[in-house]
Amino acid sequence: MAAKKKAAAKKRAVPKKPAATKPAAARPKVASPKASPKTAAPAGGPWAAAFAPRAEGERRYWLVKSERSVFSFDDLLASAGQRTCWDGVRNYAARNFLRDGMKRGDLVFFYHSMDEPQSIVGVCEVVREGYPDHTATMRGHAHFDAESDPGAPTWFMVDLRAVERLPRAVTLPAIKARAELAGMALLRIGRLSVTPVTPSEWAVIRAMGAS
DNA sequence: GCCAACGTTGGC
DNA sequence: GCCAACGTTGGC
């Protein structure tokens, strides 16, 4: 139960434009083929490398955020098997990383957002690749999305297992202070809750987090 | 397809 | 609490 991860789940804000305005009928509103990003695969874009074909045995790196008060690294350590499904992500870019980017065996930094200070506190491993986030179709659930079709899932999640707590948490200010990390997706798209981490970024941060 | 309005994230 | 960034929605 307890809603994990980003409580943030975007509220599918029901058409906040009540009937007050124009009746939907007023608009042509054709079949609206809408090339929605719902299923679109991440073609190019700035993070294409995260989806590119992998070399034999290549391992990739990622970073996920969670508010400590919602689901902390300690909560993960206390979970059965020290693993959990990373549910609740309701952003297409993040969804694409979960659904198409992450592979079994990839390593993931666990970041506490909205914390003082915000910091990377642990490392996890992807133990199950992208699969539908069932909380999206659970009416009444905090992460429920009325527009998500159970037959064609919009939202995905992966399972993560804790690997280790970093001997020393790596804070956001410390990350910002390192020139080698200036290009981090974490800094460039601050609001994304799932981002790729390059091998070199991983190495730098891992070293910073060593005792 | 463009763009303004609006809502959310999350750092400060 | 404020605000920058930015994703989504919907009018046109």
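Predicted model, so just to flag it, every value in this text is computed and none were measured. Chain letters run A, B, ... following the sequence lines, proteins first, then strands; residues in each count from 1.
When rounded to the nearest whole Å, the span between CH2 of A/Trp155 and C1' of C/dT8 equals 10 Å. Rounded to a whole Å, the CG atom of A/Leu186 is 14 Å from the C1' atom of C/dA5. For the pair A/Arg68 CZ and B/dT9 C1', the interatomic distance rounds to 19 Å; values are reported in whole Å. Note: CG (A/Leu192) to P (B/dT8) measures 17 Å, nearest angstrom. Between the CD1 atom of A/Ile189 and the C1' atom of C/dT8 there is a distance of 17 Å, rounded to whole Å. Taking atom NZ of residue A/Lys65 and atom P of nucleotide C/dA5, one finds them 15 Å apart after rounding to whole Å. The distance between atom OH of A/Tyr92 and atom C1' of C/dG7, rounded to the nearest whole Å, is 10 Å. Remark: C1' of B/dG10 and CZ of A/Arg188 are 18 Å apart, rounded to the nearest angstrom.
With distances taken from any side-chain atom of A/Arg191 to the nucleotides B/dG7, C/dT8, B/dG11, the minimum falls on B/dG7. The side chain of A/Lys176 lies closest to B/dC12 when the candidates are B/dG10, C/dT8, B/dC12. Comparing B/dG10, B/dC12, C/dG7 by their nearest atom to the side chain of A/Leu172 picks out B/dC12.
Ring-plane geometry between A/Trp202 and A/Phe109 is classed as parallel, the angle between the planes falling under 30 degrees on a 0 to 90 degree scale with a further cut at 60.
Inspection of the A/Asp106 and A/Trp62 side chains reveals an N or O donor paired with an N or O acceptor under 3.5 Å. A donor-acceptor contact closer than 3.5 angstrom links the side chains of A/Arg90 and A/Thr135.
For the pair A/Arg99 and A/Phe97, the cation does not sit on the ring face, since its NZ or CZ is not both under 6.0 Å from the ring centre and inside 45° of the axis.
Considering only side-chain N and O atoms, A/Tyr111 lies under 4.0 angstrom from the phosphate OP1 or OP2 of B/dG11.
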